[in-house]
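Notes to accompany the following structure.
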Amino acid sequence: MVVLSKPAPLDDHYASIKTCKPRISVFKGIPSINLRDPKAKTLIIQACQEFGFFKLLNHGVPMETIARLEAEALSFFNLPRSVKAKAGPPNPFGYGTKGIGPNGDVGWIEYLLINTDQNPEISRSAVKDYVMEVKAVAYEVVELMAEGLGIERRDVWSQMLREEESDWCLRLNHYPISQDLQALSGRKMIGFGEHTDPQIISLLKSNNTSGLQICLKDGTWVSVPPDHTSFFVTVGDALQVMTNGRLKSVRHRVMTNSLKPRISIIYFGGPPLSETIRPLPSLMAKGEESLYNEFTWREYKASAYKSRLGDYRLGLFEKASTTIH
């Protein structure tokens with residue numbers, strides 16, 4: 001049974017995410033949840049309250065569907081740089097390298113942002129098949145979240161993701177080997193800097209190359225052991241708001257690897273741009289106040305686009321009594 005208490009004060013959460021320590025350890029405590037486990041809804045809530053993140057087993061996405069899109073991604077990233085450059089810059093979809101967003105963030109990465117309708121560089125059928133499967137998993141996961149929180153409407157979030165106007169995208173990331181540059185700098189390089197995902201939910205699939213790290217509540221960065229057969233599920237900022245802080249979006253980053261390249265595919269599930277984001281009244285305890293001013297997904301997305309990658313973006317939308325100065 002999950003005990004649904006009022007969310008912790010925002011200053012506690014804010015302090016933890018702003019003081020992530022550089023100390024790194026190999027962490028094996030990430031929850032692994034079998035989607036077919038009768039206790040899955042309870043385990044998912046516990047994981048999202050503690051970490052905002054978990055590994056999903058027995059997800060049902062065919063490995064051949066995953067392998068096909070991974071092969072397509074690898075083929076694209078192996079093309080000459082001049083050929084790949086013709087697919088960029090991302091606006092909003094397309095190819096990018098090193099630069100992440102418009103505000104000066106950089107990483108040792110190249111990437112392709114796509115959706116089913118705008119992806120001439122990758123087989124449309126490979127993308128369509130993958131997205132169809134991973135969306136079905138996302139719907140099931142957020143419905144289990146709703147059940148686990150005791151929300152009467154189990155489709156309260158899945159219907160946002162199912163909408164024809166839902167704001168989703170697929171991101172293919174390639175982190176090349178950085179052996180020479182790491183030798184020069186004497187330390188690991190940042191592939192993708194620390195951040196939270198702004199959407200409702202993210203489902204990440206990667207090869208067996210390490211690099212992903214998450215920041216724990218105590219500010220410690222821990223490495224997530226790779227698992228090619230599983231998905232990693234991340235709580236997004238929008239879900240944090242809609243649960244009034246009960247579920248936490250997790251800060252995460254990717255470090256480069258000096259021996260093997262890393263390929264990852266991330267599905268970002270967002271609501272329609274016009275959707276109002278606010279805590280669900282049915283979830284609020286008696287006397288509980290909203291920690292956030294309501295906003296539309298369009299407003300939050302525009303605000304996030306103007307920020308730096310590591311900024312605490314929800315701070316602009318916290319109510320005055322909880323805002324950190």
Side-chain angles (χ1 to χ4, degrees), residues 30-37 40-49 51-63 65-66 68-70 113-117 119 126-149 151 153-173 196-206 212 214 224 227 229-243 246-250 252 264-273 275 277 280 297 300-301:
I30 297 298
S32 296
I33 300 173
N34 185 332
L35 190 56
R36 306 304 159 205
D37 188 329
K41 65 182 180 182
T42 300
L43 297 173
I44 286 173
I45 295 304
Q46 291 173 345
C48 292
Q49 288 176 331
F51 300 103
F53 183 88
F54 61 92
K55 182 165 74 170
L56 187 66
L57 312 175
N58 202 13
H59 46 74
V61 179
M63 289 305 296
T65 301
I66 296 169
R68 184 183 176 202
L69 185 56
E70 287 181 338
L113 290 168
I114 59 179
N115 68 13
T116 304
D117 300 315
N119 54 290
V127 172
K128 184 177 180 180
D129 291 347
Y130 182 90
V131 169
M132 180 180 67
E133 295 284 353
V134 80
K135 279 186 174 182
V137 176
Y139 303 156
E140 187 169 2
V141 168
V142 295
E143 287 176 358
L144 287 170
M145 288 177 176
E147 286 186 9
L149 287 169
I151 299 171
R153 275 194 56 201
R154 75 187 302 267
D155 68 343
V156 65
W157 294 313
S158 63
Q159 61 88 20
M160 295 180 189
L161 302 181
R162 292 177 189 270
E163 290 279 352
E164 187 175 348
E165 297 81 16
S166 68
D167 187 31
W168 68 272
C169 77
L170 204 64
R171 184 182 184 103
L172 312 182
N173 289 333
T196 59
D197 293 339
Q199 294 86 355
I200 294 174
I201 191 172
S202 307
L203 272 69
L204 178 146
K205 186 76 182 62
S206 75
L212 178 63
I214 67 168
V224 178
D227 184 344
T229 64
S230 303
F231 281 93
F232 289 95
V233 179
T234 302
V235 172
D237 294 342
L239 191 57
Q240 177 173 318
V241 172
M242 289 189 285
T243 63
R246 286 170 172 78
L247 307 186
K248 304 292 189 183
S249 58
V250 62
H252 52 288
S264 62
I265 303 172
I266 309 100
Y267 160 78
F268 296 99
L273 291 171
E275 188 73 42
I277 308 299
L280 299 178
W297 172 240
Y300 190 64
K301 187 176 180 181

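On a predicted model such as this, the values are computed, not experimentally measured, just so you know. Worth knowing before you read on, the calculation uses all heavy atoms, side chains too, and leaves out hydrogens, waters and symmetry mates.
Residues satisfying the salt bridge (charged side-chain N to carboxylate O under 4.0 Å, His left out) test with D237, not counting sequence neighbours, are none. Legend: residues meeting ring pair (Phe, Tyr, Trp, His ring centres under 6.0 Å) with Y300, ordered by chain and number and at least two apart, are F295, F317. With sequence neighbours excluded, the residues satisfying side-chain hydrogen bond (donor to acceptor under 3.5 Å, both in side chains) with H252 are H195, D197. Take R171 and apply the side-chain hydrogen bond (donor to acceptor under 3.5 Å, both in side chains) test, not counting sequence neighbours, and it matches N173. In terms of the side-chain hydrogen bond (donor to acceptor under 3.5 Å, both in side chains) criterion, residue partners of D227 (sequence neighbours excluded) are, by chain and number, K55, T229, S230.
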I45 vs K41, test: side chain to side chain contact (heavy atoms under 4.5 Å, CB included). Steps then yes/no. CA-CA 6 Å; I45 295 304; K41 65 182 180 182; 5.8 Å; no
Residue pair L113, F268: steps toward the side chain to side chain contact (heavy atoms under 4.5 Å, CB included) verdict: CA-CA 11 Å; L113 290 168; F268 296 99; 5.6 Å; no
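Contact annotation: the side chain of R153 approaches that of Q159 to within less than 4.5 Å [non-hydrogen atoms, C-beta and beyond]. Looking only at side-chain heavy atoms (C-beta outward), I214 and F232 stay at 4.5 Å or farther from each other. Using a 4.5 Å cut-off on side-chain heavy atoms (C-beta onward), V131 and W168 make contact. Residues M242 and M160 form a side-chain contact, since some pair of their non-hydrogen atoms from C-beta on lies under 4.5 Å apart. Side-chain contact between L69 and V127 is present, with at least one heavy-atom pair separated by less than 4.5 Å. With a 4.5 Å cut-off on side-chain heavy atoms, L247 and L149 count as touching.
For the atom pair CG (L161) and CD1 (I201), the distance works out to 7.5 Å, reported to the nearest 0.5 Å. Here the CD atom belonging to E165 is positioned 11.0 Å from the CG atom belonging to D167, to the nearest 0.5 angstrom. To the nearest 0.5 Å, atoms CG (N58) and OG (S32) are separated by 12.5 Å. Taking CG of L170 as the start and CD1 of I114 as the end, the distance is 5.0 Å to the nearest 0.5 Å. Distance check, rounded to the nearest 0.5 Å: CG of L172 to OH of Y130 gives 9.0 Å.
The shortest heavy-atom contact between I30 and F54 is CG2-CA, 4.1 Å. What you find for G270 and S166 is that their closest heavy atoms are O-CB, 3.5 Å. Nearest heavy atoms, V235 versus Q240: CG1-N, 4.4 Å. The nearest pair of heavy atoms linking W297 to P271 is CD1-O, 3.3 Å.
Using cut-offs of 30° and 60° for the angle between ring planes, the H59 and F231 rings count as perpendicular.
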Validation: residues 135-148 side-chain donor-acceptor distances under 3.5 Å, sequence neighbours left out:
residue: E140; atom: OE1; partner: R36; partner atom: NH1; Å: 3.4
residue: E140; atom: OE2; partner: R36; partner atom: NH1; Å: 2.6
residue: E143; atom: OE1; partner: R154; partner atom: NH1; Å: 2.7
residue: E143; atom: OE2; partner: S158; partner atom: OG; Å: 2.8
residue: E147; atom: OE2; partner: R154; partner atom: NE; Å: 2.4
residue: E147; atom: OE2; partner: R154; partner atom: NH2; Å: 2.9

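Applying the side-chain contact (heavy atoms from CB on, under 4.5 Å) test between V233 and each of I33, L203, L204 identifies L203 as the sole match.
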